[in-house]
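Sequence lines set the chain letters: A, B, ... in the order given, protein chains first and strands last, and positions in each chain run from 1.
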Amino acid sequence: MIQVYNTMEGRKVDFVPREAGKVAMYVCGPTVYNYIHLGNARPIVVFDTIRRYFKYAGYAVTYVQNFTDVDDKIINRALEEKSSAAAVAEKYIAAYFEDVQELNVLPADVHPRVTEHMPQIIALVEQLLAKGAAYAVNGDVYFAVESFADYGKLSGRDLEDMQAGARVQVGEQKRNPMDFALWKAAKPGEPSWESPWGPGRPGWHIECSVMSREYLGDGFDIHGGGADLIFPHHENEIAQAEAASGCCFARYWLHNGFITVNDEKMSKSLGNFFLLREILEKFPGDVVRFYLLNTHYRSPIDFDDEKLQIAAKSLGRIRNAYALLQELAEQPAAGAQAEASDALRQAAATLREAFAAAMDDDFNTALAIAAIFDFTKAVNTHAAQAEQAAVQEALQLLEALDEVIACIKPRQKGVDDELVGKLMDLLIAVRQQARQRKDWGTADYIRDALKDCGIALEDGAEAVRWKFVE
RNA sequence: GGCGCCAUAGCCAAGCGGUAAGGCAGAGGCCUGCAAAGCCUUUAUUCUCCAGUUCGAUUCUGGAUGGCGCCUCCA
């Protein structure tokens, strides 16, 4: 039984899908006015991993992630770049996919965009007006929070407390300061769509209510995003959807913790953010992914280069074991021993169980990865003496788990593997001859020079191994 | 002011009622021409502090201290 921490209930609960064997997930995607930063990358990786685990656990998953492609920030960006809002959105959506592919994130089943759902958005606003949950003023339409009795149920606040807050400003046209825009009248020159209230565009929150219900229906299983979306964004999504339908919007609300820099939230307004692409210039995507998954998704993670270096080192340990298995899986075992085979099989069985138990417990990737480390030790000690079949089983397990955490298998280097392999064989043969002559100078020169090329040599007892290093 | 989260070794990080996983770094050893990789041993009588509940608490309750977040766009 998978348990998830449901923000709505404030505790871990059993996950029971709306429909047996199926999971419908919606994750709030980026507003595309800039390249994504590391903080944006966390929910993308976290929910990608959750989605992958549901698949691993046998569920059929429908995964929807939107793009907010019309918004003040995009309009401003278009002015800065002397471009159009649509072109800005297009540019950063393309960049998003480039960046996120490096993290081994699978595309969603649907990537809906706000601009492609105007009729549905307008229809929902009309419905809310008809129900008395909204009101129109001078081309704007606001949601009336007082009309929705459950307002605040996700974030655990009530209207009176919030109104006491010093930072709430009363909008001139709003009946209640907490009311929020469903539709905003267009200012001259802004992109706009025709509506019963005049030309304008949707408020930020309405899109997610509309698009999630459009593709997943009411009462879908999981709604995810960063913890900063709990209020007001997700609270407002609930208000809009449930005021209209009179029903349940999403069943489980999952929120990831923040990336911090010097223990402060990485955010655009603080200016302490690092673009994903900047980080990817220094570290491979799978290292970044591994780093993100090494902490439970609800805990904060502090960012600095050194932590990424440590992640690279740790991941390397798992990869060495993985490479060992690959190598042994292709070679018939020379002196296979029953005990070694049993030990390896036992370790694999332990890993399979421990991994599932960890992930079942609110997607505890840190614990799941620890189980993999335990397994690597067993691989390193027993695999060389194990039967080929046992080795192959171990390899298959690791590959199956990598379908979930998606960072073990090294990515293609974009080089001609066959050619490199032949050249390496040649260099290694030359070096071996030097070693037989005890010409250590030549042998070390070759090893050092290869290191500079990003290739590490390891002189094993039986064979020389080589690998790419980060 | 309201709501909420966190505090575990040099660093990172699980555990959350039964006597402290894992990684990195460090020390010693094995292996090696030297390395690298790997293996073995070792590194928290103790989980911010103070009360309480309990046979027993890092884990539960109350309080204190420190840090962070949301209430405004934010993942």
[N] phosphate, OP1 or OP2: any side-chain N/O from [X] under 4.0 angstrom?
| X | N | result |
| --- | --- | --- |
| A/Lys268 | B/A75 | yes |
| A/Asn320 | B/G38 | yes |
| A/Lys313 | B/A25 | yes |

What interatomic distance, in whole Å, is found between [atom1] of [M] and the corresponding atom of [N]?
| N | M | atom1 | answer |
| --- | --- | --- | --- |
| B/U43 | B/C24 | C1' | 13 Å |
| B/U42 | B/G22 | P | 12 Å |
| B/U41 | B/A35 | P | 23 Å |
| B/C55 | B/A44 | P | 32 Å |
| B/U19 | B/U59 | C1' | 11 Å |
| B/G52 | B/G15 | P | 29 Å |
| B/U8 | B/C16 | C1' | 11 Å |

Does [X] make a side-chain donor-acceptor contact with the base of [N], cut-off 3.5 Å?
| X | N | result |
| --- | --- | --- |
| A/Arg317 | B/G23 | no |
| A/Arg447 | B/C34 | yes |
| A/Asp444 | B/G33 | yes |

When we call it a touch if two heavy atoms are under 4.0 Å apart, what does [X] touch: a base, just sugar-phosphate, or nothing?
| X | result |
| --- | --- |
| A/Ile36 | nothing |
| A/Asn380 | sugar-phosphate |
| A/Leu457 | base |
| A/Asp72 | nothing |
| A/Asn364 | sugar-phosphate |
| A/Asn256 | base |
| A/Asp263 | sugar-phosphate |
| A/Arg431 | base |
| A/Thr31 | nothing |
| A/His255 | nothing |
| A/Lys265 | base |
| A/Ser314 | sugar-phosphate |
| A/Gly257 | base |

Problem set entry | Residue met sooner reading RNA chain B from 5', once A/Ile301 and A/Ile310 are mapped to nucleotides | A/Ile301
For this session: Would you kindly compare A/Ser269 and A/Gly156 by the position of their nearest RNA chain B nucleotide and give the one closer to the 5′ end?
Result: A/Gly156
Rounding to an integer number of Å, can you tell me how far [X] [atom1] sits from [N] [atom2]?
| X | N | atom1 | atom2 | value |
| --- | --- | --- | --- | --- |
| A/Glu462 | B/G38 | CD | C1' | 14 Å |
| A/Tyr445 | B/C34 | OH | C1' | 19 Å |
| A/Arg42 | B/G69 | CZ | C1' | 13 Å |
| A/Glu235 | B/C3 | CD | C1' | 11 Å |
| A/Met178 | B/C3 | CE | C1' | 12 Å |
| A/Leu270 | B/C70 | CG | C1' | 14 Å |
| A/Arg298 | B/C68 | CZ | C1' | 16 Å |

Proximal nucleotide (of [options]) relative to the [X] side chain:
| X | options | value |
| --- | --- | --- |
| A/Phe231 | B/C39, B/C70, B/A37 | B/C70 |
| A/Phe373 | B/A75, B/A37, B/G22 | B/G22 |
| A/Lys377 | B/A14, B/A37, B/C39 | B/C39 |
| A/Ala370 | B/A75, B/G22, B/C39 | B/G22 |
| A/Glu264 | B/C39, B/G69, B/C34 | B/G69 |
| A/Arg157 | B/A21, B/A14, B/C70 | B/C70 |

Exercise. Got a salt bridge between A/Glu98 and A/Arg277, using NZ or NE/NH1/NH2 to carboxylate O under 4.0 Å?
Worked result: yes
Problem set entry | Lys/Arg N to Asp/Glu carboxylate O, A/Asp286 vs A/Arg289, below 4.0 Å | no
Exercise. Are A/Phe375 and A/Phe355 an aromatic pair by the rule of ring centers under 6.0 Å?
Worked result: no
Exercise. Does the ring center of A/Phe220 lie less than 6.0 Å from the ring center of A/Phe249?
Worked result: yes
Exercise. Does A/Phe258 lie flat on the base of B/A75, that is, centres under 5.5 Å apart and planes under 30° off?
Worked result: no
For this session: Could you tell me how the ring of A/Phe290 sits relative to the ring of A/Phe373: parallel (under 30°), tilted (30 to 60°) or perpendicular (over 60°)?
Result: perpendicular
Seminar exercise, completed: Residues pairing under side-chain hydrogen bond (donor to acceptor under 3.5 Å, both in side chains) where one sits in residues 342-357 of chain A, two or more places apart or in two chains, turn out to be A/Arg345-A/Glu393
Problem set entry | Residue pairs, two or more places apart or on separate chains, that pass salt bridge (charged side-chain N to carboxylate O under 4.0 Å, His left out) and touch residues 255-271 of chain A | A/Asp228-A/Lys265
Exercise. Has A/Arg51 got its NZ or CZ under 6.0 Å from the middle of the six-membered ring of A/Tyr63, at an angle within 45 degrees of the ring axis?
Worked result: yes
For this session: Would you indicate whether A/Asn262, at its atom CG, is surrounded by more than 12 heavy atoms from other residues, nucleotides or ligands within a distance under 6.0 Å?
Result: no
For this session: Only stems of 3 or more consecutive Watson-Crick or G-U pairs count here, both distances under 3.5 Å; name the ones for RNA chain B, or none.
Result: B:1-7 with B:65-71, B:10-12 with B:22-24, B:26-30 with B:38-42, B:48-52 with B:60-64
Exercise. For residues A/Tyr297 and A/Asp362, is any side-chain donor paired with an opposing acceptor at under 3.5 Å?
Worked result: yes
Exercise. Can you check whether A/Tyr252's main-chain N or O pairs, donor with acceptor, with A/Asn6's side chain at less than 3.5 Å?
Worked result: no
